[in-house]
Visitor: 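Once you've had a glance at the structure underneath, I'll fire off some questions.
We number each residue from 1, following the sequence as shown.
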Amino acid sequence: MTTSQLKEILKSNILIMATADGTNPAILEDYVQAGANLLLAPAFRRFNDEDEAILEAFFDAAEDVAFVAGQIEAPADGLSSDEDFDAYYESVVRQATYLDQMEVSMIFLTNVRDAVSAKCAWYAIREATSLPVCAGISVGEDDASIRRAVSLLITLQALDVCAVGCTDMYIDDALSVLSELQAFATVPLFAMNNSGSFLSPEEYSDYIPSFVHQKSAMLGLSCGSPAFVAAASKSVWQLSPFRPDFPTINAVCSKDEIMFLDFSGKIVGKNKQLLEIKTEKEEELKQAMALFNQPGTTPVCFNIKDIDLLEYAILHYDGRPAVKSDEYGEITAKELGAMVLESETEKKN
């Protein structure tokens with residue numbers, strides 16, 4: 001499947017997701033018979049015969065009526081050093097290459113908690129394959145976490161992911177987060193969450209209309225039975241996809257602060273200013289990044305001519321930065337999801 005094909009599917013369909021123990025093919029078949037049309041396989045790191053057998057069970061259960069998606073997990077503790085970044089990058093390249101060779105339909109990057117890990121994974125996946133990518137974030141429901149979730153959404157959708165959603169979160173928390181995200185979403189949202197201990201299939205089905213209204217085009221539970229899938233399918237059957245006119249969001253963001261700009265690149269609002277980082281020295285850049293990747297900092301603008309240094313800056317910045325650069329720098333910036341601003345030279349011309 002291509003990215004454009006998945007985007008078209010999500011414009012007119014609500015997909016019911018399911019995940020299960022791949023060592024029990026009968027359970028997987030029960031999910032599909034209950035109405036699941038997207039099976040999310042577990043993350044694989046060994047790439048041995050056992051992993052292949054598990055994935056084959058997913059394909060056998062899916063047959064021609066459901067998609068099989070591969071899963072790559074974001075690191076729980078982020079990437080605290082260049083060595084961590086490089087190691088995770090290589091790990092994701094191997095995982096994405098394996099999933100591509102096994103012919104999954106798409107890849108889910110799950111449990112994203114920071115933009116640096118997400119961008120590292122995205123860049124690595126794109127080195128290995130052109131498969132569609134959906135990204136699931138995992139945050140709390142307090143105000144600071146909500147701001148971080150919005151920052152992650154803006155950063156991720158600028159990378160041209162097909163959908164952004166919530167993974168590894170309780171269902172009420174996910175609905176609260178998605179209710180905040182939907183106002184800023186330029187891509188469909190999704191929820192693949194934990195039901196909690198006391199939620200029945202019938203109670204789960206009552207949540208479905210709310211999720212769909214929050215622009216969710218894929219829905220599922222990480223620990224639900226086929227009965228939950230059947231209840232969701234019955235509820236979805238009565239709904240039409242919520243297809244808003246997804247706008248273009250002109251915004252840059254730090255870890256948890258967002259700044260909106262108009263179409264000419266001017267900041268919307270008073271008493272706000274981008275912090276410009278203008279250097280061609282790697283050590284100076286790293287010192288600045290250590291400061292501006294902290295919570296509560298203002299979004300930044302990189303004014304860097306060296307392409308390798310600019311790429312490093314964008315990838316290691318925990319948010320979506322603005323960029324002022326030459327033609328080649330602008331190409332790099334756009335590929336990595338940064339927002340390109342008109343330089344002073346261009347304005348004079």
Side-chain angles (χ1 to χ4, degrees), residues 15 17-22 38-46 51 54 68-80 84-85 87-96 98-99 104 106-125 131-142 144-157 159 161-178 180-181 185 187-196 211 216 218-224 255-256 293 295 315 318-319:
L15 302 184
M17 307 164 65
T19 185
D21 183 359
L38 175 58
L39 297 180
L40 179 60
F44 298 115
R45 295 186 180 87
R46 297 170 298 180
D51 284 348
I54 291 174
V68 175
Q71 182 178 178
I72 296 174
E73 295 177 338
D77 299 323
L79 305 173
S80 59
D84 289 344
F85 188 98
Y88 181 59
Y89 183 95
E90 293 302 323
S91 173
V92 173
V93 169
R94 290 193 295 271
Q95 292 178 70
Y98 176 76
L99 293 171
V104 300
M106 64 196 79
I107 293 175
F108 276 74
L109 176 64
T110 57
N111 302 346
V112 173
R113 295 175 176 84
D114 68 282
V116 177
S117 299
K119 287 189 278 190
C120 179
W122 166 262
Y123 206 34
I125 291 170
L131 284 170
V133 178
C134 302
I137 63 178
S138 180
V139 297
E141 61 171 341
D142 58 281
S145 295
I146 293 292
R147 291 196 300 272
R148 182 172 300 181
V150 175
S151 175
L152 282 169
L153 169 70
I154 291 172
T155 301
L156 288 164
Q157 63 192 13
L159 291 170
V161 297
C162 291
V164 176
C166 296
T167 53
D168 194 32
M169 295 175 61
Y170 287 117
I171 190 167
D172 286 313
D173 294 345
L175 187 57
S176 295
V177 171
L178 291 174
E180 298 293 333
L181 295 185
V187 297
L189 302 177
F190 71 88
M192 184 65 181
N193 302 119
N194 193 317
S195 63
F211 277 113
S216 295
M218 295 182 284
L219 299 165
L221 293 173
S222 59
C223 58
K255 195 180 192 76
D256 52 12
N293 276 346
L315 282 175
D318 199 354

Visitor: Side chains of Val161 and Leu109, heavy atoms from C-beta outward: is any pair under 4.5 Å?
Guide: no
Visitor: Just jot down the side-chain hydrogen bond (donor to acceptor under 3.5 Å, both in side chains) partners of Ser222, sequence neighbours excluded, or say none.
Guide: none
Visitor: Can you measure from CZ (Arg45) to CD (Gln95) and round to the nearest 0.5 angstrom?
Guide: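 It is 5.5 Å, given to the nearest 0.5 Å.
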Visitor: For a quick test of your reading: what N or O donor-acceptor pairs under 3.5 Å do the side chains of residues 118-125 make, sequence neighbours left out?
Guide:
| residue | atom | partner | partner atom | Å |
| --- | --- | --- | --- | --- |
| Lys119 | NZ | Ile314 | O | 2.5 |
| Lys119 | NZ | Tyr317 | O | 2.7 |
| Lys119 | NZ | Gly319 | O | 2.8 |
| Tyr123 | OH | Glu311 | OE1 | 3.3 |

Visitor: Give me the atom names and distance for the closest heavy-atom approach of Asn293 to Asp318.
Guide: OD1-N, 2.8 Å
Visitor: On a heavy-atom basis, which atom in Ala74 and which in Val112 lie closest, and how many Å separate them?
Guide: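 Reported closest heavy-atom pair: CB-CA, 3.9 Å.
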Visitor: Grab the two heavy atoms, one from Asp114 and one from Leu152, that are nearest each other, plus how far apart they are.
Guide: C-CD2, 3.6 Å
Visitor: Please give me the minimum heavy-atom distance between Met218 and Ala163, naming the atom from each residue.
Guide: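 In terms of heavy atoms, the two residues are closest at CE-CB, 3.7 Å.
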Visitor: For the pair Asp168 and Arg113, find out whether any cationic side-chain nitrogen is under 4.0 Å from an anionic carboxylate oxygen.
Guide: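 Yes, charged N to carboxylate O under 4.0 Å.
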Visitor: Does any part of the side chain of Asn194, heavy atoms only, come nearer than 4.5 Å to the side chain of Ile171, both counted from C-beta?
Guide: no
Visitor: Can you see which heavy atom on Leu178 is nearest to which on Ser216, and at what distance?
Guide: CD1-OG, 3.7 Å
Visitor: With no hydrogens and no angle check, is any side-chain donor or acceptor of Asn193 less than 3.5 Å from a backbone partner on Cys166?
Guide: yes
Visitor: Quick one: does any side-chain atom of Ser91 pair with a main-chain N or O of Ala87 as donor and acceptor, under 3.5 Å?
Guide: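 Side chain of Ser91 to backbone of Ala87, a donor-acceptor pair under 3.5 Å: no, none is there.
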Visitor: Is any side-chain heavy atom of Leu79 less than 4.5 Å from a side-chain heavy atom of Ser117?
Guide: yes
Visitor: Can you confirm whether Glu73 sits close enough to Thr110 that some side-chain heavy atom of one is under 4.5 Å from a side-chain heavy atom of the other?
Guide: yes
Visitor: Would you say Leu159 and Val133 make side-chain contact, with heavy atoms under 4.5 Å?
Guide: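 No, side chains not in contact.
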Visitor: Are the side chains of Phe190 and Leu15 in touch, meaning some heavy atoms are under 4.5 Å apart?
Guide: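 Answer no - side chains too far apart.
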Visitor: Looking only at heavy atoms, what is the nearest atom pair of Thr155 and Ala115, with distance?
Guide: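 Scanning both residues completely, I find the closest heavy atoms to be CG2-CB, 4.1 Å.
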Visitor: Is Val177 close to Asp173 at the side-chain level, that is, under 4.5 Å between some pair of heavy atoms?
Guide: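 No, side chains not in contact.
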Visitor: Does Arg46 offer a backbone N or O that forms a donor-acceptor pair with the side chain of Asp51 under 3.5 Å?
Guide: yes
Visitor: Within the structure provided, determine whether Met192 and Phe108 are in side-chain contact (heavy-atom separation under 4.5 Å).
Guide: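 Of all side-chain heavy-atom pairs linking Phe108 with Met192, none is under 4.5 Å.
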